[in-house]
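Quick note on labels: first sequence line is chain A, next is B, and so on, each numbered from 1. Remember, predicted model here, so these are calculated numbers, not experimental data.
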Amino acid sequence: MTNYITSYCHILSDECWVNGKKIALQDSDDDITKQLYNYLEMDYPKFFKMDRLSKTAFLGAELIKNNNLALLNYKDDEVGLLFSNPISSAETDLNFLKSYQNGGMPSPALFVYTLPNILLGEIAIRNKWYGESVFTVSENFDAAYFLSYCNMLLNKCQEAVLCGWIKNNETFLFLVEKEDVNQLNLQLSLEQLNKIYLKKIK
Amino acid sequence: MDNIKLQLKQQIIEQLNLESVSVSDIADDMPLFGEGLGLDSIDALELIVLMEGNYNIKLLNPEEGKSVFQSINTMADYIAKHKK
Amino acid sequence: MQTFIGAENIISPLGITAEENFNSIKKNKSGIKQVEKIGFGKEDLYLSKINEENPKNFFYYLLSQCLQSIIKEAKPRIIEANDTIVIISTTKADILENLSSPMIQPVHQLIKEFKLKHTPIVISNACISGVLAMNVANDFIQSNTYKNAFVVGADIVSDFVLYGFQSLYAISDEPCKPFDKNKKGITLGEGAGGVLMSSDSTVFKAPFFEFVEGTSANDANHISGPSRTGEGLFRTVTKTLKLAGVDKENIDFISAHGTATIFNDEMESIAFDRLGMTNIPLNSLKGYFGHTLGASGLIETAICIQSLRNNVVIKSEGFDEIGTSKELNVLTQNLETEVHTILKTASGFGGCNASLIIRKL
């Protein structure tokens, strides 16, 4: 069975690359997530309620989708989501803790983001995708996990799998499909995955 | 009263992260939930936190919040009556 | 190729083996007790807690004890084998002891203590983590990536999680009553649950069962509110039945999620109604263990395996009268009957839903 990486993107601290090509963002002091939101000309008020983890994953998914519109032709339960990171929801966990530690009340809006898989929900809601989704926590980008689980899902019940490693300043997303629809000529393999992951991550 | 309303709008925008909304977008009688401002169930809970944190007003549960959080007008009325 | 499942273990206030736990809940004994002044506003609340004050490193203790117990029920040394993976399921691990990276340290400890060949996979997918962890294990086994998977889930009660659920007004002021008319919300619990899954039936010391299939589906609706139409749960159960090649008529029992929040239980009733499964005997085990979050799917599946061993399904503790818009066949007493095939479901924040089927061979 041969599957293909049909799009990929890197979101770093102040730049973003799609399929190895740098996106022309306007000069700005805004956070990269805000810059990308503007670049994508989005109108999605829910975006501003998300925590940084969800925002980053969400934008990555939008960038890949823009580059791969055929993704929208799959049935609503044929696109799977495999996401991973090293620290779970640590950033929001700390903010939630702070909300009640100094005399304040625990914030419900922060608490709901103290689960890393919420970002899968955000992507699913945006795209009305009802497919398989799994969030894992691993110390480093685990190409072997993504490779084997992508192949399994494509073999079992999915036509495409969107994968993401969501880490501050070195986020990496890639889409895997059964056909090489964008003709990037990137067969899904351990070497290939590690190679394109490391392309922009120093 | 108008001061409280303006202040409330600013607090709501900040506490609920309504970055794409400005104070002038929120009319005093606009429904906060559903068709109007489009707030959801978590926002309702966050408004309870806002009431306690900023006005020292304790709402017992989300049910009680339903009538209070209909609009900026109803919130401001409630605050005027219950502020300690 | 089949996936087999067995060697189940549970650690909870009711005992440290699956058998002890099963025998307790068979007598309808619950681990839930009142704890004084534990809430954010110093309220007395009900919890299913193992110790009054947890010792240091309690999360890791639960994980390693649970794994140790499973190992005792398995062929010697397969934990160290090259074709064995350990899969961990947790929502928050020991969040207050290690805020910046709660999951990675336990992974390193496990590798060292059990001489693991591969780095364990950590599934953190809200309240479906446990069911999902077994589904992932099955997928790895079916694709021949690994032959054996030790799947262990654990979560502990912390102020962090308790205050969070309180901020959502989701905590009951009495022991939880899943699916009941008078339900008032969740009771939190802590503990660990685990199983061994393998394509090799010779790794089990005691009788084992078949893990037939498992899938997941998202509601694509809301990050914290369950779908009003039960969409994701409906879809995952439909998919699991289809891929398993099992007719719903052949499901003898459903181990539901049943958290006792109004919206969750209502969502489940709607999904089971759409599935045409409301007549199948069903329970929620939250009335015995509380909601153990990342451990719940594993604890509840371990109880299902015990039901297969003993041909008894357990009454749904806390339930008297149906409180959902669709009728469900919620068990009001233990049922001694030949149980062959069980459906286990779970739903959680992020709109996630998962289901799996296990059966006798």
So if I take each residue of residues 45-72 of chain A and look for any heavy atom under 4.5 Å from a heavy atom in chain B, which residues do I end up with?
P45(A), F48(A), K49(A)

Checking E46(B) against chain A: side chain, backbone, both or neither under 4.5 Å from a heavy atom?
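Its backbone and side chain both get close to chain A.
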
Do the side chain of [X] and the main chain of [Y] share a donor and acceptor less than 3.5 angstrom apart?
{"X": "N61(B)", "Y": "E63(B)", "answer": "yes"}
{"X": "Q35(A)", "Y": "D30(A)", "answer": "yes"}
{"X": "N117(A)", "Y": "L120(A)", "answer": "no"}
{"X": "N127(A)", "Y": "I123(A)", "answer": "yes"}

Looking at Y197(A) versus Y8(A), is the centre-to-centre ring distance below 6.0 Å?
no

In this structure, is the centre-to-centre distance between the rings of F111(A) and F96(A) below 6.0 Å?
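Yes; F111(A) has its ring centre under 6.0 Å from that of F96(A).
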
Y4(A) vs Q192(A), side-chain hydrogen bond (donor to acceptor under 3.5 Å, both in side chains): CA-CA, chis, key distance, verdict
CA-CA 10 Å; Y4(A) 297 89; Q192(A) 199 63 266; over 6 Å; no

Decide yes or no on side chain to side chain contact (heavy atoms under 4.5 Å, CB included) for I166(A) and F83(A), but give the supporting numbers first.
CA-CA 7 Å; I166(A) 312 300; F83(A) 280 67; 3.7 Å; yes

Go through it in stages, so that I can follow the logic: the residues are D31(A) and T33(A), the test is side-chain hydrogen bond (donor to acceptor under 3.5 Å, both in side chains), and I'd like the CA-CA distance, side-chain angles, deciding distance and then a yes or no.
CA-CA 5 Å; D31(A) 186 272; T33(A) 57; 2.6 Å; yes

Contacts with chain A made by residues 19-38 of chain B (heavy-atom distance under 4.5 Å), listed by residue number:
E19(B), S20(B)

Which pair of non-hydrogen atoms, one from S99(A) and one from P106(A), has the smallest distance, and what is that distance?
OG-CA, 3.5 Å

